[in-house]
**Student:** 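Below are the structure tokens for one structure; questions will follow.
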Amino acid sequence: MEQERLHPEATGELSNLLYDLCLAAKIISRQVRRAGLTDILGGSGTLNVSGDLQQKLDMFANETVRNAVQHTGRVCITASEEDEGPVVCPREEQGKYVLLYDPLDGSTNIDVNVSIGTIFSIHKRVTSPKGDAGLADCLQVGRKQVAAGYILYGSSTMLVYTTGQGVHGFTLDPTIGEFLLSHPDIRTPPVGKYYSVNESNWNRWTPGVQRVVAAFKNGDGRIQAKNARYIGSLVADFHRNLISGGVFLYPGDTRSAEGKLRLLYEAAPLALVVEQAGGLATDGQRPILDLVPKHLHQKTPFIVGSKADVQFAVEVLAAERVPA
Ligand code: AFP
């Protein structure tokens with residue numbers, strides 16, 4: 001609301017949309033906290049479009065987010081990592097915003113009580129309001145996001161978001177059911193102390209990626225050796241590195257040239273957050289925020305975190321590409 005006042009033209013709809021997402025986050029958070037007590041743990045037995053086993057909580061979170069925004073008149077279309085195609089809001093209720101989200105990222109960690117998260121990305125509608133919203137509204141370049149962020153269901157539940165004016169973190173106080181501003185204006189350290197990567201993929205990486213990871217691990221004159229931290233839950237890995245400084249990598253490999261992470265639901269929103277906090281995000285060559293999506297579930301190599309570390313990775317990978 002404070003930031004809304006900086007924009008006299010603002011109608012308050014974006015603030016209200018963020019508030020809708022807070023409501024969804026509280027409901028999901030409650031369910032995640034009770035996950036070990038209820039029948040909700042474990043796989044549902046069905047696969048999502050990317051071939052991952054869908055978890056029951058995934059589907060619950062997917063519907064909770066959609067239900068929280070679909071009939072408000074603020075959103076025209078939603079697209080989720082868990083759905084095959086976009087879901088258009090009822091014609092008479094289509095508003096001016098587009099919501100892309102990963103309802104429960106890191107969901108294979110649910111059964112073992114490890115932090116998971118919801119990631120969201122908000123764009124303005126680009127199709128004419130005279131017709132139905134469509135795919136063109138979802139396939140927008142990351143730089144055009146008007147807001148992005150995540151909710152981390154960790155030792156506490158946190159909302160971290162940006163509307164392009166810095167990054168702010170709010171912690172859910174469960175006794176009053178409200179998110180309270182706990183981390184105003186988050187700045188990520190320029191050099192990280194952690195590197196986060198699934199090193200079991202080492203033999204599938206290009207020599208360039210191996211060189212980057214080896215340098216983070218052992219130091220190489222230009223950068224100091226870092227400590228390793230990898231949870232396997234993107235929001236949790238990202239959040240730790242954002243606060244403490246670090247670099248997260250999910251590069252392409254021989255199994256998947258584009259890596260594992262999705263551009264629209266994971267990489268682009270976290271790229272906006274990290275850039276607003278003073279860090280960088282790249283696919284190894286181009287800033288993530290400049291990538292033009294071609295399809296909804298597109299994947300991208302992802303290197304994100306402290307500025308000096310991401311720049312270092314980009315330089316090493318560029319040198320690797322120069323023909324001998
Ligand atoms: P799940 O949702 O299947 O647990 O995948 C989580 C994730 O998309 C992301 O949160 C992690 O950073 C990444 O995958 C971990 O992938 P690896 O298991 O290949 O390291």
**Student:** Using a 4.5 Å cut-off on heavy atoms from C-beta on, say whether the side chain of V87 contacts that of R66.
**Tutor:**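 Heavy-atom side-chain distance check passes, below 4.5 Å.
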**Student:** Keeping the roles fixed (side chain from S80, backbone from D102), state whether a donor-acceptor pair exists under 3.5 Å.
**Tutor:**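 Side chain of S80 to backbone of D102: no pair is present.
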**Student:** List the steps, then state whether side chain to side chain contact (heavy atoms under 4.5 Å, CB included) holds for K294 with V292.
**Tutor:** CA-CA 6 Å; K294 293 189 181 64; V292 181; 6.0 Å; no
**Student:** With a 4.5 Å limit on heavy-atom distance, are the side chains of V247 and V197 in contact?
**Tutor:**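 Side chain of V247 against side chain of V197, heavy atoms only: no contact under 4.5 Å found.
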**Student:** Sequence neighbours excluded, which residues qualify as ring pair (Phe, Tyr, Trp, His ring centres under 6.0 Å) partners of Y265?
**Tutor:**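 For Y265 the ring pair (Phe, Tyr, Trp, His ring centres under 6.0 Å) partners, ignoring immediate neighbours, are H297.
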**Student:** Decide whether S196 and R240 meet the rule of one side-chain donor and one side-chain acceptor closer than 3.5 Å.
**Tutor:**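 Yes, R240 and S196 have a side-chain donor paired with an acceptor closer than 3.5 Å.
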**Student:** In Å and rounded to the nearest 0.5 Å, what is the CZ to CG distance from F248 to L234?
**Tutor:**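 These two atoms lie 5.0 Å from each other.
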**Student:** Counting distance only, does the side-chain N/O of R34 pair as donor-acceptor with the main-chain N or O of S29 below 3.5 Å?
**Tutor:**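 Absent.
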**Student:** Looking at every heavy atom in both T188 and L242, which two are closest together, and how far apart are they?
**Tutor:**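 Here T188 and L242 meet closest at OG1-O, 2.8 Å.
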**Student:** Keeping to residues at least two apart or across chains, list the ring pair (Phe, Tyr, Trp, His ring centres under 6.0 Å) pairs with something in residues 77-124.
**Tutor:**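 Applying ring pair (Phe, Tyr, Trp, His ring centres under 6.0 Å) to every pair that reaches into residues 77-124, excluding sequence neighbours, yields nothing.
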**Student:** Taking ring pair (Phe, Tyr, Trp, His ring centres under 6.0 Å) as the test, write out the residues that go with Y250, two or more places apart.
**Tutor:**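 Testing Y250 for ring pair (Phe, Tyr, Trp, His ring centres under 6.0 Å), a comparison that skips the adjacent residues, returns none.
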**Student:** Answer yes or no: does atom CD of Q224 have more than 12 heavy-atom neighbours from other residues, nucleotides or ligands under 6.0 Å?
**Tutor:**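 12 or below, so no.
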**Student:** Please check: side-chain N/O of Q210 versus main-chain N/O of W202, any donor-acceptor pairing under 3.5 Å?
**Tutor:**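 It does hold such a pair.
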**Student:** Are the side chains of H168 and D185 in touch, meaning some heavy atoms are under 4.5 Å apart?
**Tutor:**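 In short, these two side chains touch, coming nearer than 4.5 Å.
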**Student:** Given the rule that I, L, V, M, F, W and Y join up when any side-chain heavy atoms are under 4.5 Å apart, are L23 and F60 in one cluster?
**Tutor:**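 Shared cluster, yes.
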**Student:** Is there a side chain to side chain contact (heavy atoms under 4.5 Å, CB included) between D309 and Y195 once you walk through the steps?
**Tutor:** CA-CA 9 Å; D309 299 325; Y195 77 100; over 6 Å; no
**Student:** Please round to the nearest 0.5 Å and tell me the distance separating atom CG of L17 and atom OG1 of T72.
**Tutor:**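 If we round to the nearest 0.5 Å, L17:CG and T72:OG1 are 7.0 Å apart.
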**Student:** Roughly how far, to the nearest 0.5 Å, is the CD atom of Q70 from the CD1 atom of I77?
**Tutor:**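 Interatomic distance, I77 CD1 to Q70 CD, rounded to 0.5 Å: 10.5 Å.
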**Student:** Between P86 and L135, what is the shortest heavy-atom contact and its length?
**Tutor:**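 Closest approach of P86 to L135, heavy atoms only: CG-CD1, 3.9 Å.
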**Student:** Before accepting this row, confirm whether a basic side-chain N of the pair E275/R143 lies closer than 4.0 Å to the acidic partner's carboxylate O.
**Tutor:**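 Looking at R143 together with E275, the answer is yes, because their closest N to O distance falls below 4.0 Å.
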**Student:** Consider only side-chain heavy atoms of I, L, V, M, F, W and Y, link residues closer than 4.5 Å, and tell whether I303 and L263 are in one cluster.
**Tutor:**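 Different clusters: I303 never reaches L263 through Ile, Leu, Val, Met, Phe, Trp or Tyr contacts under 4.5 Å.
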**Student:** Just checking, any donor-acceptor pair under 3.5 angstrom between side chains of T127 and D137?
**Tutor:**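 Short answer, yes.
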**Student:** Is any side-chain heavy atom of L291 less than 4.5 Å from a side-chain heavy atom of Q298?
**Tutor:**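 They are not in contact (no side-chain heavy atoms under 4.5 Å apart), so the answer is no.
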**Student:** When you compare the side chain of T157 with that of R33, does any pair of heavy atoms fall below 4.5 Å?
**Tutor:**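 Contact flag for R33/T157 side chains = yes.
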**Student:** Do T118 and Y153 make a side-chain contact, defined as non-hydrogen atoms from C-beta onward lying under 4.5 Å apart?
**Tutor:**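 They are in contact (side-chain heavy atoms under 4.5 Å apart), so the answer is yes.
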**Student:** Evaluate V65 against L99 for side chain to side chain contact (heavy atoms under 4.5 Å, CB included), listing each step before the verdict.
**Tutor:** CA-CA 10 Å; V65 173; L99 176 70; 3.8 Å; yes
**Student:** Keeping D237 on the side-chain end and G232 on the backbone end, is there a donor-acceptor pair under 3.5 Å?
**Tutor:**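 Confirmed, D237 side chain pairs with G232 backbone.
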**Student:** Is there a side-chain contact between L249 and V212, using heavy atoms and a 4.5 Å cut-off?
**Tutor:**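 L249 reaches V212 side chain to side chain.
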**Student:** If you look only at pairs with a residue in residues 214-223, which of them pass as a side-chain hydrogen bond (donor to acceptor under 3.5 Å, both in side chains), with sequence neighbours excluded?
**Tutor:**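 Of all non-adjacent pairs touching residues 214-223, those that pass side-chain hydrogen bond (donor to acceptor under 3.5 Å, both in side chains) are E199-K217.
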**Student:** To the closest 0.5 Å, what do you measure between CG (L270) and CG (N241)?
**Tutor:**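 Between atom CG of L270 and atom CG of N241 there are 11.5 Å.
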**Student:** For a quick test of reading the model, state the closest non-hydrogen atom pair linking G305 to V310 and the distance between them.
**Tutor:**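 Scanning both residues completely, I find the closest heavy atoms to be N-CG2, 3.4 Å.
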**Student:** Just so I know, are the side chains of V114 and I231 near enough to count as touching, which here means a heavy-atom distance under 4.5 Å?
**Tutor:**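 Yes, at least one pair of side-chain atoms sits under 4.5 Å.
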**Student:** Just to verify, what does F179 make a ring pair (Phe, Tyr, Trp, His ring centres under 6.0 Å) with, not counting sequence neighbours?
**Tutor:**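 Residues passing ring pair (Phe, Tyr, Trp, His ring centres under 6.0 Å) with F179: none at all.
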**Student:** Does K307 have more than 12 heavy atoms from other residues, nucleotides or ligands lying within 6.0 Å of its NZ?
**Tutor:**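 For K307, atom NZ is not crowded (no more than 12 foreign heavy atoms under 6.0 Å).
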**Student:** Answer yes if the side chains of N201 and R255 hold a donor-acceptor pair under 3.5 Å, and no otherwise.
**Tutor:**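 The answer is yes; a qualifying pair exists.
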**Student:** Report whether V146 and L289 are members of the same hydrophobic cluster (ILVMFWY, side-chain heavy atoms less than 4.5 Å apart, transitive linking).
**Tutor:**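 In one cluster: no.
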**Student:** Is it the case that the side chain of Q94 and the backbone of A133 share a donor-acceptor pair, with hydrogens and angles ignored and the cut-off at 3.5 Å?
**Tutor:**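 Yes, the answer is positive, given that a donor and an acceptor are paired below the 3.5 Å cut-off.
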**Student:** Can you list everything that forms a ring pair (Phe, Tyr, Trp, His ring centres under 6.0 Å) with H239? Sequence neighbours excluded, please.
**Tutor:**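 H239 satisfies ring pair (Phe, Tyr, Trp, His ring centres under 6.0 Å) with Y150 once adjacent residues are dropped.
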**Student:** Distance-only, no hydrogens or angles: does the K26 side chain make a donor-acceptor pair with backbone N or O of G177 under 3.5 Å?
**Tutor:**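 Yes: the side chain of K26 pairs with the backbone of G177.
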**Student:** Between G142 and A268, which heavy-atom pair has the shortest distance, and what is it?
**Tutor:**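 Of all heavy-atom pairs spanning G142 and A268, the closest is CA-CB, 4.4 Å.
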**Student:** Are D20 and R74 ion-paired here, with the side-chain N under 4.0 Å from a carboxylate O?
**Tutor:**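 Salt bridge between D20 and R74, a charged N being under 4.0 Å from a carboxylate O: yes.
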**Student:** Look up atom CG in L159 and atom SG in C22, then write down how far apart they are to the nearest 0.5 Å.
**Tutor:**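 Answer rounded to 0.5 Å: 5.0 Å.
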**Student:** Any chance you could measure N227, atom CG, to S244, atom OG, to the nearest 0.5 Å?
**Tutor:**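 Between N227 CG and S244 OG, I get 11.0 Å after rounding to 0.5 Å.
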**Student:** Minimum heavy-atom separation for D105 and I116, please, with both atom names.
**Tutor:**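 Shortest heavy-atom contact: O-CB, 3.4 Å.
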**Student:** Kindly give the heavy-atom pair with the smallest separation between G284 and L317, and that separation in Å.
**Tutor:**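 So the two residues come closest at CA-CD1, 3.9 Å.
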**Student:** Do L18 and I27 belong together in a cluster built from hydrophobic side chains that touch within less than 4.5 Å?
**Tutor:**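 Both belong to a single hydrophobic cluster.
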**Student:** Just by modelled atom types, is the A61 backbone N or O under 3.5 Å from a matching donor or acceptor in the E82 side chain?
**Tutor:**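 The answer is no, because no donor-acceptor pair under 3.5 Å joins these two groups.
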**Student:** Which is it for D283 and E258 under the side chain to side chain contact (heavy atoms under 4.5 Å, CB included) test, yes or no, and what are the steps along the way?
**Tutor:** CA-CA 9 Å; D283 69 348; E258 301 306 315; over 6 Å; no
